[in-house]
Chemist: 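Pasting in a structure now, in structure tokens, and then I'll have a few things to ask.
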Amino acid sequence: DEKMNRFKIENILFCGVAFAICLNALQAYSILSVPVSWLGNAFIVVLSVFFILTQRKVFLFPGARAFLFFSLWVVVDFLTILITGPPAPESPTKATLGYYPYVTLRFFNIFVCGLTIFLVYWLITRGKKNQIINFVVNLGVIIGLYSIYVYYAQLHGLPEIPRTRIGTS
């Protein structure tokens, strides 16, 4: 029974992480002015909380100490600039966020990256390595082909899914 329960949790986490990564790949799109990639990031947080509550464990993945050190360094560096530096610069005219919320979201992105590594590493230790590799390769191929199509569509006036966000990376 416990083996079956663990199998279900592994599959739920794999599908959830895959879904969140797909959402994150859709950075040029939004739903009701909420960027789709933000929904993916929020979903990773929910999955992490689900994992911690169901598995009752937190562990460090290889390289976690370096990741945590880097993250702490970035936060301390920003806080030092915030305290000792000039006031926040003005946001660009078409910006949807002010400077501080924008920077806070960048920190949140670093945090979500760490949570994603945490979940993917746990899935790898549970035998999902090949599934993860296949998923990432297939998603990369799909995104690559769509990107080539969008480039070609822009040159030749072909239809494409309308982007709802500007300035995405």
Chemist: State plainly whether one hydrophobic cluster holds both Ile12 and Val120, where clusters connect Ile, Leu, Val, Met, Phe, Trp and Tyr through side-chain heavy atoms under 4.5 angstrom apart.
Modeler: yes
Chemist: Would Phe70 and Val74 count as a side chain to side chain contact (heavy atoms under 4.5 Å, CB included) here? Give the steps.
Modeler: CA-CA 6 Å; Phe70 167 75; Val74 168; 3.6 Å; yes
Chemist: More than 12 heavy atoms of other residues, nucleotides or ligands under 6.0 Å from CZ of Phe108: yes or no?
Modeler: yes
Chemist: Could you check if a side-chain atom of Lys128 sits within less than 4.5 angstrom of a side-chain atom of Asn11, using non-hydrogen atoms only?
Modeler: yes
Chemist: I want to check something: taking the side chain as every heavy atom from C-beta on, are Leu68 and Leu60 in contact at a cut-off of under 4.5 Å?
Modeler: yes
Chemist: Distance from Asn109 atom CG to Thr116 atom OG1, nearest 0.5 Å?
Modeler: 10.0 Å
Chemist: Any chance you could lay out the side chain to side chain contact (heavy atoms under 4.5 Å, CB included) test for Ser71 and Val75, step after step, and finish with the verdict?
Modeler: CA-CA 6 Å; Ser71 300; Val75 170; 5.7 Å; no
Chemist: Do Arg163 and Val150 come within less than 4.5 Å of each other through their side chains, counting heavy atoms only?
Modeler: yes
Chemist: Work out which heavy atom in Ala20 is nearest to a heavy atom in Gly40; give both atom names and the distance.
Modeler: CB-O, 3.5 Å
Chemist: Are Ile133 and Leu123 in one and the same hydrophobic cluster, where Ile, Leu, Val, Met, Phe, Trp and Tyr link if side-chain heavy atoms are under 4.5 Å apart?
Modeler: no
Chemist: Using the rule that Ile, Leu, Val, Met, Phe, Trp and Tyr join whenever any side-chain heavy atoms are under 4.5 Å apart, tell me whether Val34 and Val36 fall into a single cluster.
Modeler: yes
Chemist: Rounded at 0.5 Å granularity, tell me how far CZ in Phe43 sits from CG in Asn41.
Modeler: 12.0 Å
Chemist: Checking Asn24 against Gln27 for the side chain to side chain contact (heavy atoms under 4.5 Å, CB included) test, could you report, in this order, the C-alpha distance in whole Å, the side-chain angles of both residues, the deciding distance, and whether it holds?
Modeler: CA-CA 6 Å; Asn24 209 303; Gln27 291 189 11; 3.2 Å; yes
Chemist: Taking all atoms of both residues into account, what is the closest heavy-atom pair of Phe111 and Val45, and its distance?
Modeler: CE2-CG2, 4.4 Å
Chemist: Where do Gly16 and Leu47 come nearest, in terms of heavy atoms and distance?
Modeler: C-CD1, 3.2 Å
Chemist: Flag yes if more than 12 heavy atoms outside Phe50 fall under 6.0 Å of its CZ atom; otherwise flag no.
Modeler: yes
Chemist: For the residue pair Pro159 and Ala153, what are the closest heavy atoms and their distance?
Modeler: O-CB, 4.1 Å
Chemist: Hey, what do you get for CH2 (Trp122) to CD1 (Ile9), rounding to the nearest 0.5 Å?
Modeler: 6.5 Å
Chemist: Same cluster for Val46 and Ile31 if Ile/Leu/Val/Met/Phe/Trp/Tyr side chains link at under 4.5 Å?
Modeler: no
Chemist: Do Ile44 and Ser48 come within less than 4.5 Å of each other through their side chains, counting heavy atoms only?
Modeler: yes
Chemist: Could you see if Ile142 belongs to whatever hydrophobic cluster contains Phe19? Use Ile, Leu, Val, Met, Phe, Trp, Tyr and a side-chain cutoff under 4.5 Å.
Modeler: no
Chemist: Going from CG on Leu13 to OG1 on Thr54, what distance comes out if it is rounded to the nearest 0.5 angstrom?
Modeler: 6.5 Å
Chemist: Nearest 0.5 angstrom please: Leu158 CG to Tyr151 OH, how far?
Modeler: 13.5 Å
Chemist: Nearest 0.5 Å please: distance from the OG1 atom of Thr125 over to the CZ atom of Phe61.
Modeler: 13.0 Å
Chemist: So, does Asn134 use its side chain to make a donor-acceptor pair with the main chain of Asn130 at under 3.5 Å?
Modeler: yes
Chemist: Check whether any side-chain heavy atom of Val17 lies under 4.5 Å from a side-chain heavy atom of Phe135, and answer yes or no.
Modeler: no
